[in-house]
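Structure, as structure tokens:
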Amino acid sequence: MEKRLVKVGLMGFGTVGTGVYRIIRAHQEDLRKQTGLNIEIHRIFVKDIHKERGISTPTGMLTNNIDDILYDHDIDVIVEVMGGIEPTKSYILTALKEKKHVITANKDLMALHGAQILSTAQANGCDVFYEASVAGGIPILRALVEGLSSDRIYKMMGIVNGTTNYMLSKMSKEGMDYQEVLAEAQALGYAESDPTADVEGHDAARKMAILSTLGFRVAMNLDEVDVRGISSVTKEDIAYGKSLGYELKLLGIAERSNNKIEVSVQPTMVHKSHPLASVHDVFNAVYIYGDAVGETMFYGPGAGELPTATSVVSDLVTVVKNMKLGTNGLGVVAPYIEKLLKSDEEKYSKYFLRMIVEDQRGVLAKVTQVFSDHNISFKQIVQQPYNGGQAEIILVTHTSTKADMDQVMKKMESIDMIHHVKSCYRLEGGAK
Ligand code: NAP
Ligand code: HSE
């Protein structure tokens, strides 16, 4: 008999899980018209079945026994929105071996174990989709895999962490300092009580590992992403950057040139003429440079109940369409381009620096000499008085290699007249 109903096992019923439940319930008819099948949440796996959730479910739908989902032969698709690495990974692998398709919003899991999950899916003729794992409500993974599949992408820059974008926006607009804005982000529920994954850039790094794997079609490992977070950013850095025409953003940057790639996450001065400089508050955006398409930007909510659930349910629509067509498990394109990573001599960028020096004759000449010894020239330079007998120098360089800039930083530490390099940021946008 032809299948009329697709039964879904929901793993997790927190922020995203309740959003998935609400969207499936509210958009029943639309989903049926698009897929030709009815979609129904059959069981929901949670830790605590007695918890007050502010949403009603039929009696017996909630379970705290994972076997009720993994081994229920009526369930066709698992939606994993419980998070974490274990036991989640084991549950997903079991579900795939039980021939259930999987949708997940779990960037931690996909960044670390995506290859194993995708190959298990392929071996079992199952789909795995994870659109919500990067930039919540923005359909960026589908854009890379389908919309831009005919192009060769050579650079992706992303504001892919809403919490840190909110914090940097507040520091920029209201002159708040880091600790003050972190406390506010925690009070608003954007930053968690342990904010490390967001503020130290790890969350963004996981998303950039996923983006670069799909965009460059290489198997990018998480530990190959250079990561620096925002915990040492000061309101003074932001104010000086602004005075020279830049907004400080936590940018994920994935770049390919001469078939070699580099992927990093770091606070970056973005020139105000670049569209990413105008992405504020908790919003996310991914800016893509392709050989043929030129430049495109994808902007929207990077988290939240309904935006994230929209991506999850759209994945579900794709799975159900595949079920109708009998094409499940055929869509995975494994990375097929050899991964060659750039050395520091091959990584090019412009930089913004702020340093405190002795306010005496010859200092500026000394600073200039160190940079010119490493073939780095200045685009902008400002000097102003600092506390008692010292001066502050703020400068923007032309393009240099990371290796040269690292040498310059080391050399400056050894010069007595240069007291302290307070900050050094990569710089994007503006004239070449
Ligand atoms: P959440 O609100 O903390 O909800 C987690 C749910 O999973 C809860 O219902 C919890 O059960 C259940 N759960 C967790 N561990 C479990 C375990 N060991 N056994 C049984 N149930 C367990 O999380 P969320 O914010 O919805 O996030 C879910 C996933 O989506 C994560 O991977 C996250 O990274 C990803 N994501 C979230 C967002 C967002 O905006 N929140 C955006 C993009 C991606 P109880 O309710 O009984 O405690
Ligand atoms: N902590 C993440 C953020 C949630 O702030 O963007 C979405 O992955």
Side-chain angles (χ1 to χ4, degrees), residues 9-22 43-55 57 61-70 78-92 102-113 130-138 140-141 158-169 182 185-186 188-208 210-211 229-230 250 252 265 279 281-286 300-312 315:
L10 189 56
M11 284 165 50
F13 204 35
T15 305
V16 184
T18 50
V20 169
Y21 189 84
R22 284 185 219 282
R43 294 306 292 271
I44 304 176
F45 174 62
V46 289
K47 245 190 239 166
D48 176 4
I49 56 170
H50 302 296
K51 187 167 162 181
E52 178 46 54
R53 298 176 188 277
I55 184 166
T57 51
M61 185 176 268
L62 297 188
T63 176
N64 54 12
N65 179 358
I66 190 63
D67 291 355
D68 288 343
I69 297 228
L70 296 181
I78 299 288
V79 169
E80 183 279 300
V81 283
M82 57 186 263
I85 302 294
E86 281 296 355
T88 317
K89 178 183 152 204
S90 304
Y91 294 165
I92 285 181
V102 170
I103 291 155
T104 175
N106 193 330
K107 67 249 163 187
D108 309 359
L109 187 59
M110 290 311 290
L112 278 169
H113 301 289
Y130 46 105
E131 181 64 73
S133 66
V134 180
I138 309 175
I140 183 63
L141 302 192
I159 295 174
V160 288
N161 182 269
T163 305
T164 47
N165 202 43
Y166 173 82
M167 291 173 64
L168 293 174
S169 298
L182 174 58
Q186 283 171 322
L188 287 169
Y190 295 146
E192 297 186 21
S193 50
D194 177 1
T196 313
D198 289 326
V199 299
E200 296 305 344
H202 306 308
D203 175 78
R206 291 167 198 146
K207 293 165 178 168
M208 290 310 296
I210 295 172
L211 284 181
I230 65 161
L250 184 67
V265 169
V279 175
D281 305 323
V282 289
F283 283 98
N284 280 200
V286 180
E305 177 187 339
L306 293 177
T308 310
T310 302
S311 289
V312 171
D315 279 348

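All figures in this text were calculated on a predicted structure; none of them were measured in a lab. We number each residue from 1, following the sequence as shown. Both counts, for ligands and for their atoms, begin at 1 and track the order of listing.
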Could you find the nearest protein heavy atom to [atom] and give me its residue, atom name and distance?
atom	value
atom 1 (N) of ligand 2	Asp198 OD1, 2.9 Å
atom 6 (O) of ligand 2	Gly162 N, 2.8 Å
atom 4 (O) of ligand 1	Gly14 CA, 3.3 Å
atom 18 (N) of ligand 1	Met82 CE, 3.7 Å
atom 5 (O) of ligand 2	Thr163 OG1, 2.6 Å
atom 10 (C) of ligand 1	Lys47 N, 4.5 Å
atom 38 (C) of ligand 1	Val16 CG2, 3.8 Å

Item to complete: Using the side chain to side chain contact (heavy atoms under 4.5 Å, CB included) rule, take His113 and Ile92 through it: C-alpha gap first, then chi angles, then the decisive distance, then the call.
Response: CA-CA 11 Å; His113 301 289; Ile92 285 181; over 6 Å; no
Item to complete: Run the contact test for Ala132 against ligand 1 with a 4.0 Å cut-off on heavy atoms, strictly below, and give the result.
Response: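 Within the 4.0 Å threshold, so yes.
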Worksheet item: Hey, does Arg53 sit under 4.0 Å from ligand 1 if you only count heavy atoms?
Response: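 Flag set, Arg53 near ligand 1.
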Worksheet item: Once you round to the nearest 0.5 Å, how far does CD1 of Ile66 lie from CD1 of Ile78?
Response: 7.0 Å
Item to complete: Under 4.0 Å, heavy atoms only, figure out whether ligand 2 is touched by the backbone of Val282, its side chain, both or neither.
Response: neither
Fill in: ligand 2 contact on Lys207 by region, counting heavy-atom pairs under 4.0 Å
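Within the 4.0 Å criterion, Lys207 contacts ligand 2 through side-chain atoms alone.
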Item to complete: For Arg53 and Leu62, work out which heavy atoms get closest and say how close.
Response: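 Scanning both residues, the minimum pair turns out to be NE-CD1, 3.9 Å.
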Worksheet item: Which atom pair, heavy atoms only, marks the closest approach of Ile69 to Leu10?
Response: CD1-O, 3.7 Å
Worksheet entry | atom 23 (O) of ligand 1 within contact range, any protein heavy atom under 4.0 Å |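 There is no protein heavy atom less than 4.0 Å from atom 23 (O) of ligand 1.
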Item to complete: Can you confirm whether something in the protein, heavy atoms only, sits under 4.0 Å from atom 34 (O) of ligand 1?
Response: yes
Item to complete: For Gly83, counting its heavy atoms only, list the atoms of ligand 1 lying under 4.0 Å from any of them.
Response: 31 (C), 32 (O)
Fill in: Contacting atoms of ligand 2, where contact means under 4.0 angstrom from a heavy atom of Asn161
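Selected atoms, number and element: 1 (N), 2 (C), 3 (C), 5 (O), 6 (O).
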Worksheet item: Which of the listed options, Leu62, Val20, Val81, holds the heavy atom that is closest to atom 28 (C) of ligand 1?
Response: Val81
Item to complete: Indicate whether any N or O donor in one side chain lies under 3.5 Å from an N or O acceptor in the other, for Asp194 and Thr196.
Response: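 There is such a pair between these side chains.
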